[in-house]
Amino acid sequence: MNLDVRPADECKYDAVSLGEVMLRLDPGEGRIRTARSFRVWEGGGEYNVIRGLRKCFGMRTAVLTALAGNEVGMLLEDLMLQGGVDTSLIRWMETDGIGRVCRNGLNFTERGFGIRGAVGCSDRANTAVSKAVPGDFDFDYIFGKMGVRWLHTGGIYAALSEQSCETVLAAIKTAKKYGTIVSYDLNYRPSMWSAIGGKAKAQEVNKEIAKYVDVMIGNEEDFTACLGFEIEGNDAELKALNLEGYKKMINQAAKTYPNFKAVATTLREVKTATVNDWSAICWADGQIYKARDYKGLEIMDRVGGGDSFASGLIYGLLMTGDAEQAVNYGAAHGALAMTTPGDTTMAVKKEVEAVMGGAGARVQR
């Protein structure tokens, strides 16, 4: 496939993300409601993707976000710097000291185990990035003067506020003007859209955004809730997935939005919180490619697995232009990311490629 990606020597960045970065508080093996201590990580649906591109795949990445200028904001920046992501594009916003003007988001997340599913409890209203407007970022300078090969953003950021809907569209339109490839992860969260118009608003916003997207990513609920496409043959609780229904839906999405160069979705059958069947498919040039199946995949922390799939997919598309290779990079990277704690990857490219090649879990000495 030909994505017509800008040459690397013309651009400062291989990839940039636009979205919120929150402080994740993780109770480890326990429950949020009974915790006496938490481990902190940084995480965000859009940010996790470019961190994976930097940390696992060695690409030049930066984060476009806004933070409240306080101690929590500086902690988040420090965590991002440890991930190797360029933080120079962050918009720092003044706060009043107690979060009335703006604040930094918190995300309490427990991993789940066995029959107990993962649980998330977000505290993210009135955050700095939810109040950011298009004028807070110089998109013409970033995409035009500095140069960006790939922009990744998504539906979690779009759902934060009316302002974030406008900011996503402004960023995407400017990126397209300068030849930047745009990927978008639908990432539907009903609790977030409920405050600004619910599913109807989600479809209104996402259908407009979809007109400018090159690579669309999502799971079964995302395509249904955000774009109105139905998947035939899935049971109500998604314990068994109908692959032919997915293929039909993706072909319909590609027909509806001829600007899509690739459409990808993960395939997850949840046996328990710690055992899933995992794979993915990708449509490109009228063909659908399926990744290797990871049956009975043992999971330590599923949060961020889809974001790591996205970063592997983007790496594969950028470096090989081969959709089949790319979807396998994505599935393998997502699988590995779910074997470690936290939202973000701890894998390296060599491990991803070994898993793609069928490597097992024998000890390495």
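Positions are given from 1, in the same order as the sequence printed here.
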Atom pair [atom1]/[atom2] of [X] and [Y] - distance to nearest 0.5 Å:
X	Y	atom1	atom2	answer
Met146	Tyr13	CE	OH	3.5 Å
Phe309	Arg268	CZ	CZ	11.5 Å
Leu313	Thr265	CG	OG1	11.0 Å
Met300	Met346	CE	CE	9.0 Å

Within one Ile-Leu-Val-Met-Phe-Trp-Tyr cluster: Val119 and Phe113, side-chain cutoff 4.5 Å: no

pair [X]-[Y]: side-chain heavy atoms closer than 4.5 Å:
X	Y	answer
Val129	Leu67	no
Lys211	Glu208	yes
Leu267	Leu243	yes
Val21	Val63	yes

Aromatic ring pairing Phe139/Phe143, orientation class (parallel under 30°, perpendicular over 60°, tilted between): tilted

Will you find, in the side chains of [X] and [Y], an N or O donor that is under 3.5 Å from an N or O acceptor?
X	Y	answer
Glu324	Asn328	no
Tyr47	Asp343	no
Thr127	Glu20	yes
His152	Ser183	yes
Lys349	Tyr329	no

Within 6.0 angstrom of [X] [atom1], more than 12 heavy atoms from elsewhere:
X	atom1	result
Glu10	CD	yes
Arg60	CZ	yes
Met319	CE	no

Step-by-step side chain to side chain donor-acceptor pair (under 3.5 Å) determination, Glu298 to Thr274: CA-CA 6 Å; Glu298 293 179 279; Thr274 34; over 6 Å; no

Would you say the side-chain atoms of [X] pair up with the backbone N or O of [Y], donor to acceptor, closer than 3.5 Å?
X	Y	result
Ser279	Arg292	yes
Thr180	Val148	yes
Arg103	Ala125	yes
Ser311	Ser308	yes

Pair Lys176 + Asp214, salt bridge at N-O below 4.0 Å: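 A salt bridge links Lys176 with Asp214.
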
Test side chain to side chain donor-acceptor pair (under 3.5 Å) applied to Asn206 and Tyr188, step by step: CA-CA 10 Å; Asn206 283 295; Tyr188 180 65; over 6 Å; no

Full working for salt bridge (Lys or Arg N to Asp or Glu O under 4.0 Å) between Arg189 and Asp222: CA-CA 9 Å; Arg189 300 289 187 272; Asp222 298 333; 5.1 Å; no

Verdict with supporting geometry, Arg33 and Glu110, salt bridge (Lys or Arg N to Asp or Glu O under 4.0 Å): CA-CA 10 Å; Arg33 66 182 69 151; Glu110 58 186 59; 5.8 Å; no

